[in-house]
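Only heavy atoms go into these numbers, but all of them, side chains included; no hydrogens, no water, no symmetry mates. Nothing fancy with the numbering, it's 1 onward along the sequence.
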Amino acid sequence: MDIRQQADREIDAAPDKTVGFLLPEDEWEAFLAATGGEVRGDPPETVYRGARFRRAPVTMITHEEGF
């Protein structure tokens with residue numbers, strides 16, 4: 001599933017259609033290119049199909065053998 005399909009699915013599932021999913025910082029350029037979303041506000045949010053998508057910090061969790 002591509003990022004636009006994922007966004008559409010999340011918007012359709014949201015009860016108030018105003019909050020979508022959080023995206024890692026490195027995925028925002030792809031989201032904007034795929035959806036034509038607009039960046040608004042401070043802190044920045046992307047608006048697509050009337051839903052607001054908030055930026056999210058990403059924490060990487062790794063599993064090491066023996067951990």
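When hydrophobic side chains of Ile, Leu, Val, Met, Phe, Trp and Tyr are connected at separations under 4.5 Å, V39 ends up clustered with L32.
Of all non-hydrogen atoms in A51 and I11, the two that sit nearest each other are CB-CG1, 3.6 Å.
For the atom pair CD (E10) and CZ (R49), the distance works out to 11.5 Å, reported to the nearest 0.5 Å.
Checking side-chain atoms of Q5 against main-chain N and O of D2 turns up a donor-acceptor pair under 3.5 Å.
Note: F31 and Y48 have perpendicular aromatic rings, judged against thresholds of 30 and 60 degrees for the angle between ring planes.
Judged as a salt bridge (charged side-chain N to carboxylate O under 4.0 Å, His left out), and not counting sequence neighbours, E29 has no contacts.
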